[in-house]
Amino acid sequence: MSRLIVISNRLGDPSKPPSGGLAVALNGALNALGGVWMGWSGTISDTAKSDGDVHTQQAGKVTLVGVDMNKAEHDGYYLGYSNSTLWPAFHHRMDLVENHQKDFDQYCMVNRTFAQHVAKFIEPDDVIWVHDYHLLPLAQELRSMGVTNKIGFFLHIPFPPSQIVTAIPGSEWWMEAMFSYDLIGFQTKADATNFRLYAERQLHEDIGGETDTVTGFGQSVRVRDFPIGIDVEQFRALLTHEEAIELRERLEVRSSGRRWITGVERLDYSKGLPERLKIYRQLLHKYPENQGTTSLVQIAPPTREQVEAYADIREELELLSGAVNGEFATIDWTPVRYIHRQVPRTRLAALFSISRVGMVTPLRDGMNLVAKEFVAVQDDDDPGVLVLSEFAGAAEQMKDALLVNPYNIEHTADALQRALHMPLDERKERHASLKKVVEEGDVVTWCRDFLEALQKV
Ligand code: GDG
């Protein structure tokens with residue numbers, strides 16, 4: 001079996017146990033196969049050389065390679081082109097896209113630097129797995145250095161329709177570069193189709209029938225959906241931690257006769273947070289029986305605060321949650337509990353498990369793992385209901401959630417009302433089907449399927 005080389009924007013901290021499912025799955029595959037994980041160390045150092053300072057550390061069969069960045073690189077590659085150009089555009093927010101040549105130049109340079117560093121560790125039989133939009137052109141850089149190994153790429157965020165792709169400054173360059181991969185994995189069939197249609201519409205290629213192979217720029221790449229999952233057992237096990245047990249007990253006492261609607265996501269404009277508060281406000285207006293009995297708990301930890309669009313969304317959310325509370329709160333009932341801090345995972349699991357509704361209503365999302373985490377910890381005998389945006393990748397698999405269009409405030413408020421008052425039999429039936437999807441498509445399966453497909457190319 002070949003060794004595995006993983007390259008992602010951020011290298012996990014090996015001194016801490018991996019918290020997310022992705023780190024668990026990648027660590028699992030790396031430990032089984034041996035290999036290298038390379039990414040940004042998390043350090044911004046003004047003394048970092050323009051070609052990056054590199055630190056290596058051995059953890060069993062895995063070599064961890066952390067690359068430092070200087071401020072110009074971090075600003076241009078990470079805050080700039082990755083998160084102010086690609087992220088908004090891939091989430092259909094062309095109004096937020098910034099276009100700065102210096103950001104694009106840093107993006108190209110950092111990708112080249114990453115390729116130069118990782119090339120030193122690559123052995124002839126290794127397979128290489130590159131992650132996410134920060135590193136779209138990495139394979140082409142490696143090919144130009146003579147690397148002939150199999151290289152796969154997985155995109156964690158949505159892949160937009162071709163008209164959006166062509167509107168992104170720099171896209172013709174990295175679209176061509178993407179054809180240097182052997183395999184590209186997307187979250188959904190819809191994303192994979194968008195990629196194929198780009199080849200047909202922009203490159204005038206014949207994409208033929210049901211084949212996974214897409215041709216462009218004289219090269220061919222395999223393209224398929226690999227929906228990511230969670231580590232189901234690890235997430236469920238959080239409920240046995242003392243902190244989770246204690247929180248559940250406290251919430252259960254407080255919530256006798258009350259219902260919780262829960263939302264958890266980074267404070268990102270793609271997650272539809274202002275719309276969620278408007279939907280909840282509409283629920284309280286249209287169905288006043290929920291006043292005094294139903295609360296929305298919204299956890300939204302800060303993210304990418306140096307990017308301007310994120311400061312704007314924070315302000316909007318604070319105004320809206322204040323307004324809903326001002327309008328509806330009573331002395332002994334708070335409608336919205338808005339927490340703008342990171343909450344420990346044990347507490348998240350406990351909160352999901354006592355919630356009547358999981359409200360996962362992004363305006364656009366690659367997959368959305370919160371939807372799967374919510375389902376994983378429901379009580380089979382009295383499960384909560386998942387209200388899920390049709391614009392989350394997860395909607396392609398989780399068809400027994402209540403699927404909603406979060407832009408339609410009125411209809412989504414109706415769906416929320418339906419979820420809050422759904423009879424037990426229907427809740428159980430929907431939950432059983434969703435649980436099967438989550439268990440059968442866990443993160444270990446995702447990782448194995450991708451690597452098997454890459455080996456076979
Ligand atoms: C990208 C794509 C795709 C959230 N708040 C807290 C916290 N979280 C955890 C959640 C979940 C994770 O962060 C978020 O994952 P998502 O999938 O929901 O979203 P993104 O961060 O945008 O991830 C996405 C994913 O990549 C994987 O491919 O699904 O579409 O955008 O695990 O529980 N965790 C803790 N405290 C919090 O306050 N501890």
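Every number for a ligand or one of its atoms is a count from 1 in the order of the listing. What's counted below: heavy atoms across the whole structure, side chains too, no hydrogens, waters or symmetry copies.
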Does any N or O atom in [X] lie less than 3.5 angstrom from one in ligand 1, N or O only?
X	value
M367	yes
E265	no
I157	no

Heavy-atom distances under 4.0 Å decide this one: backbone, side chain, both or neither, for [X] against ligand 1?
X	result
L369	both
V370	both
H340	neither

Within 45° cone of W87 ring axis and under 6.0 Å: R304 NZ or CZ:
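Relative to the ring axis of W87, which defines the angle, R304 lies inside both limits.
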
Cation-pi geometry met for R224 and F226 (6.0 Å, 45°)
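Checked: cation-pi criterion met.
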
Number the atoms of ligand 1 from 1 as they appear, then name those within less than 4.0 Å of a heavy atom of [X], with their elements.
X	result
V264	4 (C), 5 (N)
Q187	3 (C), 28 (O)
W87	31 (O)
G366	30 (O)
I299	38 (O)
H156	2 (C), 3 (C), 24 (C), 26 (O), 27 (C), 28 (O), 30 (O)
R266	20 (P), 21 (O), 22 (O)
L348	6 (C), 7 (C), 33 (O), 34 (N), 35 (C), 36 (N), 37 (C)

Does ligand 1 have an atom under 4.0 Å from some heavy atom of K271?
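Checking ligand 1 against K271, which is what was asked, there is a heavy-atom contact under 4.0 Å.
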
Let me confirm one number: the CZ-OG1 distance from R258 to T294, rounded to the nearest 0.5 Å.
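That separation rounds to 9.5 Å.
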
Option passing side-chain contact (heavy atoms from CB on, under 4.5 Å) with S8 (candidates H134, H156, H131)
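Going through the options one by one, the only one that passes is H131.
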
Just to verify, which of L96, N99, V97 counts as forming a side-chain contact (heavy atoms from CB on, under 4.5 Å) with T85?
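Of the listed residues L96, N99, V97, the side-chain contact (heavy atoms from CB on, under 4.5 Å) partner of T85 is V97.
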
Only one of Y310, Y77, Y133 forms a side-chain hydrogen bond (donor to acceptor under 3.5 Å, both in side chains) with N83, so which one is it?
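For N83, the side-chain hydrogen bond (donor to acceptor under 3.5 Å, both in side chains) check succeeds only for Y133.
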
Taking the ring centre of each residue, are [X] and [Y] less than 6.0 Å apart?
X	Y	result
F195	F179	yes
H74	W40	yes
F104	W173	yes

As a quick check of understanding, evaluate salt bridge (charged side-chain N to carboxylate O under 4.0 Å, His left out) for K150 and D126, giving each step before the final call.
CA-CA 8 Å; K150 286 178 181 167; D126 292 348; over 6 Å; no

